[in-house]
Amino acid sequence: MKIVLGIYEKALPKNISWLERLQLVAELGFDFLEISVDETDERLARLNWSLGEQLEVVCACKLTKIPIRSLCLSANRRYPLGSMDESIRIKALEIIEKACALALSLGVRVIQMAGYDVYYEQKSEQTKANYITGMKEALKIAARYQIVLAIETMDDPFMSSITKYLEIKKQLPSPWLQVYPDLGNLSAWPENDVSVELEKGKDEIAAIHLKDTLAVSEEFPGKFRDVPFGSGCVDFLSHLKKLVELDYSGPFLLEMWSEDSVDFKSEISEAKKYMIAQLEGAGFKC
């Protein structure tokens, strides 16, 4: 089967209409868009979209035949489930419920959750315990909306591997919880054997993020975004061959942050050309 390849919203210009944005997705040859609800007030406001604002997006999807299949919910960096502040934990769950309601309205199947217990606070055993408690409630919400919450493997030791996701899953045995591996983030942590990680998580993978990174070392904290494809540490061909071996047939998502670039089309096209070559070289049909 031909792969399904999407593009991250932040690869595309910010100040355009939804119809223009989805027309660009189609023009650039992608199958779907991953929408962002990040920690900025501007994108958090999407959780309170009116019916008219939601219909604008839905109509644009129908007119362009480009669906929004996933929602990147990084707003919980600002309002983390693991916070020591109870009011922030309550806000975190409110955000997740609003995100599930928005997903249901837009036809989104998967909410990608950033795998942080806390981001701006000091980590502790208590923040981890708070996160588990919060995720239990979040998964009850997700179950009511029939929306999958997929935890991304991160640029953070808390969720730096599929192994760590599986440890969380043991405490949260829900069909609405899956993992969203980022091949770049997995590769940047030297303790990870990416092929082993993918095999461990093969029955839990909702989608795969494609991006390059620079590896963490004792002297360097790593670089987890804005690394041109092919210039980082990710052995895409090897990892994609492993996914072929595992008979992976889910979606791939090209993750880029070129929304402020004047030459975003050529940057996206070059990245796509590189990744298609890797995917086809591994045995996927593109």
Side-chain angles (χ1 to χ4, degrees), residues 3 5-12 28-30 34 36 38 70 72 74 77 112 114-116 119 150-165 179-201 205 207-246 248 250-261 263-284 286:
I3 66 158
L5 180 63
I7 182 77
Y8 186 38
E9 180 192 343
K10 290 186 179 182
L12 302 167
L28 291 163
F30 292 93
E34 181 167 278
S36 167
D38 63 20
S70 51
C72 176
S74 53
R77 291 206 318 180
Q112 180 232 295
Y116 303 115
Y119 188 78
I151 302 178
E152 183 184 11
T153 54
M154 299 305 296
D155 57 347
D156 183 281
F158 180 74
M159 196 67 66
S160 57
S161 66
I162 295 174
T163 298
K164 289 183 177 180
Y165 157 78
V179 68
Y180 198 138
D182 183 309
L183 294 186
N185 291 346
L186 283 175
S187 300
W189 296 99
E191 63 269 26
N192 287 342
D193 181 324
V194 177
S195 289
V196 171
E197 291 295 310
L198 293 171
E199 180 133 22
K200 283 183 178 181
I205 297 173
I208 298 282
H209 264 170
L210 301 171
K211 76 172 183 203
D212 219 335
T213 51
L214 298 177
V216 174
S217 69
E218 291 183 4
E219 299 79 26
F220 183 63
K223 187 175 182 183
F224 291 87
R225 54 174 288 177
D226 297 318
V227 177
F229 285 86
S231 67
C233 67
V234 183
D235 185 350
F236 286 106
L237 191 59
S238 174
H239 305 332
L240 293 169
K241 283 181 177 178
K242 183 64 180 181
L243 288 168
V244 169
E245 178 188 321
L246 295 172
Y248 176 76
F252 292 95
L253 193 285
L254 195 68
E255 191 175 30
M256 298 178 66
W257 293 264
S258 47
E259 63 184 357
D260 296 319
S261 172
D263 203 17
F264 70 93
K265 281 189 181 181
S266 64
E267 290 178 24
I268 293 170
S269 295
E270 283 300 309
K272 185 187 174 198
K273 180 180 177 182
Y274 174 83
M275 281 311 314
I276 291 294
Q278 301 297 308
L279 286 157
E280 289 181 337
F284 284 105
C286 300

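The basis for the numbers below is simple: all heavy atoms, side chains too, and nothing from hydrogens, waters or symmetry mates. Source: prediction; values computed, not measured.
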**Q** Classify the angle between the aromatic ring planes of Y8 and H209 as parallel (below 30°), tilted (30 to 60°) or perpendicular (above 60°).
**A**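 Tilted: the ring planes of Y8 and H209 meet at 30° to 60°.
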**Q** What closest approach, in Å, do C286 and I3 show between heavy atoms, and which atom pair accounts for it?
**A** SG-CD1, 3.8 Å
**Q** Checking T163 against V196 for the side-chain contact (heavy atoms from CB on, under 4.5 Å) test, could you report, in this order, the C-alpha distance in whole Å, the side-chain angles of both residues, the deciding distance, and whether it holds?
**A** CA-CA 9 Å; T163 298; V196 171; over 6 Å; no
**Q** Run the salt bridge (charged side-chain N to carboxylate O under 4.0 Å, His left out) test against E280 and tell me which residues pass, sequence neighbours left out.
**A** none
**Q** What residues, two or more places apart in sequence or in another chain, satisfy side-chain hydrogen bond (donor to acceptor under 3.5 Å, both in side chains) together with N192?
**A**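 N192 satisfies side-chain hydrogen bond (donor to acceptor under 3.5 Å, both in side chains) with no residue once adjacent residues are dropped.
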**Q** Show your reasoning for whether side-chain contact (heavy atoms from CB on, under 4.5 Å) applies to V194 and V234.
**A** CA-CA 10 Å; V194 177; V234 183; over 6 Å; no
**Q** Could you note down all residue pairs passing salt bridge (charged side-chain N to carboxylate O under 4.0 Å, His left out) where residues 211-224 supplies at least one of them, sequence neighbours left out?
**A** D182-K211, K211-E255
**Q** Between F158 and G115, what is the shortest heavy-atom contact and its length?
**A**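 Answer, listing the atom of F158 first, then G115: CD2-O, 3.5 Å.
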**Q** Pair E191, S160 - check side-chain contact (heavy atoms from CB on, under 4.5 Å), show working.
**A** CA-CA 10 Å; E191 63 269 26; S160 57; 4.2 Å; yes
**Q** Can you find a heavy atom in the side chain of M159 that is under 4.5 Å from one in the side chain of E152?
**A**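 A side-chain contact is absent here, since even the closest heavy-atom pair is not under 4.5 Å.
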**Q** Would you compute the distance between atom CG of L246 and atom NZ of K241 and round it to the nearest 0.5 angstrom?
**A** 14.5 Å
**Q** Looking at residues at least two apart in the chain, or sitting in another chain, which of them share a side-chain hydrogen bond (donor to acceptor under 3.5 Å, both in side chains) with Y119?
**A** R77
**Q** Taking the side chain as everything from C-beta on, heavy atoms only, tell me whether Q112 gets closer than 4.5 Å to S70.
**A** no
**Q** Taking the side chain as C-beta and beyond, is there a heavy-atom pair between L198 and Y248 under 4.5 Å?
**A**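 No, side chains not in contact.
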**Q** Report the residues that fulfil side-chain contact (heavy atoms from CB on, under 4.5 Å) with P190, sequence neighbours left out, ordered by chain and then residue number.
**A**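 For P190, the residues satisfying side-chain contact (heavy atoms from CB on, under 4.5 Å) (neighbours in sequence not counted) are V216.
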**Q** Roughly how far, to the nearest 0.5 Å, is the CZ atom of F236 from the OG atom of S238?
**A**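 With rounding to 0.5 Å, OG (S238) is 12.0 Å from CZ (F236).
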**Q** Would you compute the distance between atom CE of M256 and atom CG of L12 and round it to the nearest 0.5 angstrom?
**A** 9.5 Å
**Q** How many angstroms lie between atom CG of N185 and atom OG1 of T153, to the nearest 0.5 angstrom?
**A** 5.5 Å
**Q** Please confirm whether the backbone N or O of M154 pairs with a side-chain atom of W189, one donor and one acceptor, at under 3.5 Å?
**A** yes
**Q** Over 60° means perpendicular and under 30° means parallel, so tell me whether F284 and F252 are parallel, tilted or perpendicular.
**A** perpendicular
**Q** Main chain of P157, side chain of K164: is a donor-acceptor contact present, judged purely on distance under 3.5 Å?
**A**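 At least one qualifying donor-acceptor pair exists.
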**Q** Run the side-chain contact (heavy atoms from CB on, under 4.5 Å) test against D155 and tell me which residues pass, sequence neighbours left out.
**A** Y116, F224
**Q** Just to verify, what does Y165 make a ring pair (Phe, Tyr, Trp, His ring centres under 6.0 Å) with, not counting sequence neighbours?
**A** none
**Q** Which pair of non-hydrogen atoms, one from T213 and one from A188, has the smallest distance, and what is that distance?
**A**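 Shortest heavy-atom separation between T213 and A188 comes out as OG1-CB, 3.7 Å.
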**Q** Do P181 and I208 make a side-chain contact, defined as non-hydrogen atoms from C-beta onward lying under 4.5 Å apart?
**A**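 In short, these two side chains touch, coming nearer than 4.5 Å.
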**Q** Go through the structure and list residues passing salt bridge (charged side-chain N to carboxylate O under 4.0 Å, His left out) with K10, not counting sequence neighbours.
**A**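 Only D38 meet the salt bridge (charged side-chain N to carboxylate O under 4.0 Å, His left out) criterion with K10.
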**Q** Using every non-hydrogen atom in the two residues, find where S187 and C233 come nearest and quote the distance to one decimal.
**A** O-SG, 3.8 Å
**Q** Sequence neighbours left out, what passes side-chain hydrogen bond (donor to acceptor under 3.5 Å, both in side chains) with E9? Give chain and number order.
**A** R43, R46
**Q** Side-chain donor-acceptor pairs under 3.5 Å in residues 267-275, sequence neighbours left out?
**A**
residue : atom : partner : partner atom : Å
E267    : OE2  : S261    : OG           : 2.6
S269    : OG   : K265    : O            : 2.9
K272    : NZ   : L28     : O            : 3.0
K272    : NZ   : G29     : O            : 3.1

**Q** Can you name the ring pair (Phe, Tyr, Trp, His ring centres under 6.0 Å) partners of F264, sequence neighbours left out?
**A** none
**Q** Identify, with sequence neighbours excluded, every residue that meets side-chain hydrogen bond (donor to acceptor under 3.5 Å, both in side chains) alongside S161.
**A**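 Counting only residues at least two positions away or on another chain, S161 forms no side-chain hydrogen bond (donor to acceptor under 3.5 Å, both in side chains).
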